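Taking it in order: structure first as structure tokens, then the write-up.
Both counts, for ligands and for their atoms, begin at 1 and track the order of listing. Keep in mind that this is a model prediction, so the values were computed, not measured.
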Amino acid sequence: MPIEYSTSDHSVSERDTLAEAATRLDRNPLALVFVTDPDGRVAGRVTPQDVEAALSRGAKRDAKVTAAMAPVGSGDDGVLPVLDSAKKLAGLRTPVGARKIPIAEPTLGGNELRYVTECVETNWISSQGSFVRRFEAEFAARLGVPHALAVSNGTVALHLALAAFGIGPGDEVIVPDLTFAATINAVVYTGATPVIVDIAPDTWSMDSDAFAAAITPRTKAVIPVHLYGQPADMDPICAIAKRRGIFVVEDAAEAVGSKLDGTPCGAIGDCGTFSFYSNKLITTGEGGMVVFKDDAVAARARMLRDHGMNPAKRYWHDEVGFNYRLTNLQAAIGCAQLEQIDGFLARKKSIAARYLSRFAGTAEIECPHAVEGFDNSFWVFSVAVDRGKVDLDRDALIERLSTAGIDSRPLFYCLHEMPPYRGYAGNRAFPVAKRLSDSGLSLPSSTSIRDEEIDFVAGTFKRIVAARRLVRAIAA
Ligand SMILES: Cc1ncc(COP(=O)(O)O)c(C=O)c1O
């Protein structure tokens with residue numbers, strides 16, 4: 001059953017005024033109304049942008065709504081009326097099917113089942129099978145790094161990396177304010193002290209000046225996060241880190257496939273970590289990878305991943321380690337996903353290009369910034385809404401999109417505002433992270449999304465924003 005939209009909420013009478021239509025547009029899920037004649041037949045449709053155009057042509061707010069009416073099917077971004085035999089409005093049709101358009105669902109259309117079946121048929125289902133080694137080798141080759149270790153998820157990838165560099169109590173690790181909590185949790189697991197810094201407005205990732213200002217003699221590592229696929233500003237971060245003897249651990253959980261000046265994210269610093277959770281560019285259900293350049297650190301990480309067991313002496317433990325291994329079943333899915341990664345990346349980029357073209361010229365919507373040399377994988381297309389221009393709370397916006405059949409997510413909450421992490425904020429300021437966190441949201445970006453769904457998401461979003469703008473203008 002497709003989502004049902006109320007016909008009464010989405011219609012106005014020919015006799016209604018532009019001001020009345022504006023109020024209706026600002027309250028219904030699709031921010032669109034069909035205009036009905038005195039016999040109840042659909043005569044046309046009106047969007048907030050149509051009303052704005054009519055007002056700018058000189059129509060008064062108490063003019064009839066027909067002054068703004070456009071033909072049905074013109075620029076509706078996929079919203080069409082369903083008419084009964086008397087041509088009356090019986091329903092609304094949109095590209096939304098039985099469930100909301102999802103944010104990021106996996107595409108498992110390749111050899112996944114075949115490879116998993118092979119694991120079962122050969123009895124290799126633990127972490128010892130050949131798919132693990134193949135997944136690691138192919139991933140390392142893609143990144144151009146000597147060592148890739150498959151692990152159970154992206155969080156333990158971070159923990160393992162920090163542990164391999166010997167980070168622990170007494171050390172400080174610098175992290176950005178806007179990221180998924182796993183970034184900072186991994187630091188806390190080691191016993192080191194996280195130090196939270198603000199992000200930059202162009203990359204939405206760690207601000208290199210804020211990083212430099214937060215360094216103390218105890219700073220051991222920095223974790224730039226390539227947020228939503230946009231590379232962090234690695235050149236200054238790596239230069240500063242090198243000068244000060246600080247390890248650079250790239251959190252590339254969201255940036256499989258992103259590049260900076262041609263170098264893959266994760267292969268720029270001393271180490272990179274990845275997540276293969278089911279919403280990521282490639283997935284193993286749960287899973288992760290950590291890549292290293294240094295042979296000795298990689299060997300230590302390998303040992304720590306396997307309980308800290310001496311690789312030459314079974315059941316002899318030189319250190320307290322962890323079981324952070326990935327299973328052959330998961331790696332089998334990973335290998336099948338890697339075979340499709342170029343297609344996934346191309347689709348993510350074309351999705352982003354379509355959103356960017358649809359949002360171009362909408363001043364209220366801030367899209368990811370194009371930065372020269374930054375090759376964004378556009379894992380999920382995320383935007384921020386200018387709260388100064390749009391009098392609509394981000395959470396209310398998410399709710400509006402949801403009733404229209406569109407799933408969206410808030411950007412992450414600022415780490416410095418959440419109870420477990422407040423103590424790591426010092427007296428630093430976080431204006432950029434705060435602004436984006438309060439106003440940002442991620443939009444449907446599955447590789448399987450159809451173009452007409454993207455148009456519907458962008459069109460509905462723009463109409464909602466325009467309806468707010470319109471109501472404000474009419475009230476002024
Ligand atoms: C930036 C970032 N770091 C780390 C992680 C942790 O990855 P996982 O969920 O695989 O543990 C995520 C997961 O979504 C993430 O977005």
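- Considering backbone and side-chain atoms alike, E254 places an N or O below 3.5 Å from some N or O of ligand 1.
- The aromatic rings of F139 and F274 sit perpendicular to each other, their planes meeting at more than 60°, with 30° as the lower class boundary.
- Interface of T155 with ligand 1, defined as ligand atoms under 4.0 Å from a residue heavy atom, comprises 6 (C), 7 (O), 8 (P), 11 (O).
- Residue V151 is tested with M289, R305, R325, H159 for a side chain to side chain contact (heavy atoms under 4.5 Å, CB included); the sole match is R305.
- Of all protein heavy atoms, the one lying nearest to atom 12 (C) of ligand 1 is F180 CD2, 3.4 Å.
- In the vicinity of V225, heavy-atom distances shorter than 4.0 Å reach the ligand 1 atoms 1 (C).
- The residues D455 and R358 are annotated as salt-bridged, a charged nitrogen and a carboxylate oxygen being separated by less than 4.0 angstrom.
- Distance from atom 9 (O) of ligand 1 to its nearest protein heavy atom, with residue and atom name: S275 OG, 4.0 Å.
- In summary, the atoms of ligand 1 found under 4.0 Å from a heavy atom of A182, numbered by their order in the structure, are 4 (C), 5 (C), 6 (C).
- The ligand atoms of ligand 1 that sit less than 4.0 angstrom from a heavy atom of N153 are 10 (O), 11 (O).
- Tested against E339, the residues R114, R142, R134 include a single salt bridge (charged side-chain N to carboxylate O under 4.0 Å, His left out) partner, R134.
- Annotation: E286 places no N or O atom under 3.5 Å from an N or O atom of ligand 1; distance criterion only.
- The ligand atoms of ligand 1 that sit less than 4.0 angstrom from a heavy atom of T179 are 1 (C).
- Using a 30° and 60° split on the angle between ring planes, F135 and F276 fall in the tilted class, from 30° to 60°.
- Residue R93 qualifies as open at atom CZ: its count of foreign heavy atoms under 6.0 Å is 12 or below.
- By heavy-atom distance, the residue among G288, S152, G154 lying nearest atom 7 (O) of ligand 1 is G154.
- Of the charged side-chain nitrogens involved, none lies within less than 4.0 Å of a carboxylate oxygen, so that K349 and D342 do not count as a salt-bridged pair.
- No hydrogens or angles considered: a donor-acceptor pair under 3.5 Å links the side chains of N185 and Y421.
- Atom 3 (N) of ligand 1 has D251 OD2, 2.7 Å as its closest protein atom, hydrogens excluded (heavy atom only).
- By the 3.5 Å distance cut-off applied to N or O atoms, Y277 is not counted among the residues near ligand 1.
- The closest approach between any non-hydrogen atom of K280 and ligand 1 is below 4.0 Å.
- F165 CZ: more than 12 foreign heavy atoms inside a 6.0 Å radius.
- Atom numbering of ligand 1 starts at 1 in the shown order; those under 4.0 Å from a heavy atom of A253 are 2 (C), 3 (N), 4 (C), 5 (C), 12 (C), 15 (C).
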